[in-house]
**Student:** 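Before I ask anything, here is the structure I am working with.
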Number of protein chains: 2
Amino acid sequence: MKLTSKGRYAVMALVDLARFDTINPVSLRDISLRQGISLDYLEQIFSKLKKNQIVKSTRGTQGGYILSKKPIEIKLSNILNAVDEKVKTVQCKKESKKGCNGKATKCVTHNLWDELETHINTFFDKKSLQDLLKNNSERVN
Amino acid sequence: MKLTSKGRYAVMALVDLARFDTINPVSLRDISLRQGISLDYLEQIFSKLKKNQIVKSTRGTQGGYILSKKPIEIKLSNILNAVDEKVKTVQCKKESKKGCNGKATKCVTHNLWDELETHINTFFDKKSLQDLLKNNSERVN
DNA sequence: ACATACCTGACTAAAATGGTCAAGTTTAGA
DNA sequence: TCTAAACTTGACCATTTTAGTCAGGTATGT
Ligand code: FES
Ligand code: FES
């Protein structure tokens with residue numbers, strides 16, 4: 001059970017954006033250099049962030065991206081959903097009456113994984129970009 | 001971010017074992033049929049569970065597996081660790097001073113992922129096999 | 001005009017996943 | 001003693017996912 005780079009990069013990039021977009025839009029090139037993330041990969045990620053209205057873009061010279069909301073309004077869950085880093089613990093379709101093994105009842109572990117999913121999503125719903133900004137300036141190491 | 005089948009199967013199989021091992025050892029063949037898990041795959045999983053002293057085996061005809069501890073003593077974390085379903089959220093090596101990007105400081109999201117890891121592990125540490133047995137008989141759907 | 005920066009989609013190498021297959025060894029019971 | 005049930009081990013493999021790269025665009029400030 002692990003987090004993928006796409007989700008990690010998305011959050012890193014948005015923290016970067018939150019810090020530097022106060023005056024001018026921030027170019028992906030800058031983020032790429034500061035955070036050590038491939039530019040081409042960043043473009044894929046930002047395309048999704050834009051579709052989900054988390055960032056706004058300006059084209060042309062001196063263009064770049066800015067956040068479309070205040071950092072405190074952007075929850076981790078928004079970001080991760082946007083880049084398809086969904087938390088998926090149950091195997092079966094939740095709405096369906098069928099279990100993951102194709103049987104008519106949910107398997108013995110279904111409720112467990114469902115609880116876990118809620119547990120994790122609660123965590124992501126509570127945390128906002130703002131929390132990360134704060135957290136980072138507090139700790140040096 | 002998703003759970004793999006190996007972890008899911010391990011838990012399913014152990015719940016099955018907890019229910020049926022009271023008199024005789026339970027054969028993997030039985031578990032395979034009841035839970036709809038490939039026999040060959042179960043063997044891989046139980047090999048690991050045995051190495052981690054979660055189950056004991058008896059060879060030969062009428063052989064099979066039994067739990068080596070009481071269900072309440074077997075935590076989910078024990079099971080998932082045994083089958084290498086580790087929760088891994090940070091990219092970097094935790095002990096190292098270096099960050100995931102190779103830089104000298106931890107990245108801006110490091111603390112976040114570390115918190116998440118703790119959050120999830122706490123969940124797994126609290127839940128035991130016993131909880132699953134109970135939970136399952138309570139709920140029909 | 002032209003450099004900068006966003007935009008789009010196709011492509012791909014490498015790793016992880018979810019198994020299968022083959023060839024044993026051990027032991028209960030007929 | 002013979003045999004079948006059941007554990008044991010290790011190699012193998014197809015598919016999917018991941019983490020990008022690459023090659024082309026299009027828009028726009030100067
Ligand atoms: S995970 Fe939903 S039925 Fe097994
Ligand atoms: S995850 Fe540890 S430094 Fe980035």
**Student:** Quick one: the side chain of Glu43(A) and the base of dT21(D), do they pair up donor-acceptor inside 3.5 Å?
**Tutor:**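 No pair found.
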**Student:** Check whether Val26(B) and Leu133(B) end up in the same hydrophobic cluster, where Ile, Leu, Val, Met, Phe, Trp and Tyr are linked by side-chain heavy atoms less than 4.5 Å apart.
**Tutor:**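 Per the 4.5 Å side-chain linkage, Val26(B) and Leu133(B) are co-clustered.
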**Student:** Kindly say whether Met12(A) contributes a backbone atom to a donor-acceptor pair with the side chain of Asp16(A) at under 3.5 angstrom?
**Tutor:**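 No, Asp16(A) side chain to Met12(A) backbone: no donor-acceptor pair under 3.5 Å.
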**Student:** Using a heavy-atom distance cut-off of less than 4.0 Å, which residues of residues 32-40 of chain B contact DNA chain C?
**Tutor:**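 Those residues are Ser38(B), Asp40(B).
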**Student:** Whether the side chain of Asn78(A) engages the backbone of Ile74(A) through a donor-acceptor N/O pair (distance < 3.5 Å, no angle test) should be reported.
**Tutor:**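 Not confirmed, Asn78(A) side chain does not pair with Ile74(A) backbone.
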**Student:** Can you establish whether the number of heavy atoms outside Lys88(B) located under 6.0 Å from its atom NZ is more than 12?
**Tutor:**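 For Lys88(B), atom NZ is crowded (more than 12 foreign heavy atoms under 6.0 Å).
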**Student:** Check this for me: Glu43(A), atom CD, are more than 12 non-hydrogen atoms of other residues, nucleotides or ligands nearer than 6.0 Å?
**Tutor:**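 Yes - once you tally the heavy atoms of other residues, nucleotides and ligands closer than 6.0 Å, there are more than 12.
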**Student:** Could you tell me whether Lys94(A) and Glu117(A) make a salt bridge, using a distance below 4.0 angstrom between a side-chain N and a carboxylate O?
**Tutor:**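 Here Lys94(A) pairs with Glu117(A) in a salt bridge, since their nearest N and O are under 4.0 Å apart.
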**Student:** Please say whether more than 12 non-hydrogen atoms of neighbouring residues, nucleotides or ligands are located less than 6.0 Å from CG in Leu39(A).
**Tutor:**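 Yes, the 6.0 Å shell around CG holds more than 12 heavy atoms from other groups.
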**Student:** Near DNA chain C, under 4.0 Å by heavy atom, which residues of residues 46-61 of chain B?
**Tutor:**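 Those residues are Arg59(B), Gly60(B), Thr61(B).
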**Student:** Answer yes or no: are there more than 12 heavy-atom neighbours, outside Glu73(B) itself, under 6.0 Å from its atom CD?
**Tutor:**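 More than 12 heavy atoms, drawn from other residues, nucleotides or ligands, come within 6.0 Å of this atom.
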**Student:** Can you list, in residue-number order, the parts of residues 22-29 of chain B that come under 4.0 Å of DNA chain C, counting heavy atoms only?
**Tutor:**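 Per residue number, the list is empty: none.
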**Student:** Check step by step if salt bridge (Lys or Arg N to Asp or Glu O under 4.0 Å) holds for Arg8(A) and Glu85(A).
**Tutor:** CA-CA 9 Å; Arg8(A) 206 188 323 271; Glu85(A) 180 86 356; over 6 Å; no
**Student:** Is there a chain of hydrophobic side chains (I, L, V, M, F, W, Y, each step under 4.5 Å between heavy atoms) that links Ile120(A) to Phe123(B)?
**Tutor:**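 As far as the 4.5 Å side-chain criterion goes, Phe123(B) and Ile120(A) are connected within one cluster.
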**Student:** Tell me: CD1 of Ile66(B) to P of dA6(D), nearest whole Å?
**Tutor:**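 Whole-Å distance recorded here is 16 Å.
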**Student:** Closest-nucleotide mapping onto DNA chain D: is Gln91(B) or Gln44(B) further toward the 5' terminus? I mean the 5' end.
**Tutor:**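 The residue closer to the strand's 5' end, by nearest nucleotide, is Gln44(B).
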**Student:** Specify the separation, in whole Å, of atom CG of Asp84(B) and atom P of dT17(C).
**Tutor:**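 The distance from CG of Asp84(B) to P of dT17(C) comes to 10 Å, rounded to the nearest Å.
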**Student:** Counting distance alone, no hydrogens or angles: does the base of dT18(D) have a donor or acceptor under 3.5 Å from a partner atom on the side chain of Glu85(A)?
**Tutor:**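 Between dT18(D) and Glu85(A), which were checked side chain against base, a qualifying N/O pair under 3.5 Å is absent.
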**Student:** Expressed in angstrom and rounded to an integer, what is the separation of Tyr41(B) atom OH from dG19(C) atom P?
**Tutor:**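 The answer, rounded to whole Å, is 6 Å.
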**Student:** Could you check how far NZ of Lys86(A) sits from C1' of dT17(D), rounded to whole Å?
**Tutor:**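 Distance check: Lys86(A) NZ to dT17(D) C1' gives 15 Å.
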**Student:** Calculate the interatomic distance between Met12(B) atom CE and dG18(C) atom P; express it in whole Å.
**Tutor:**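 To the nearest whole Å, that distance equals 13 Å.
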**Student:** Please determine if Asp84(A) and Lys6(A) form a salt bridge, counting it only when a charged side-chain N lies under 4.0 Å from a carboxylate O.
**Tutor:**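 The answer is no: the pair does not qualify as a salt bridge.
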**Student:** Without decimals, in angstroms, what is the distance between Tyr65(B) OH and dA5(D) C1'?
**Tutor:**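 That distance rounds to 13 Å.
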**Student:** How many whole angstroms separate atom CG of Asp21(B) from atom P of dC7(D)?
**Tutor:**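 About 13 Å, once rounded to whole Å.
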**Student:** How close or far is atom C1' of dA19(D) from atom CZ of Arg8(A), stated in whole angstroms?
**Tutor:**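 In whole Å, dA19(D) C1' lies 12 Å from Arg8(A) CZ.
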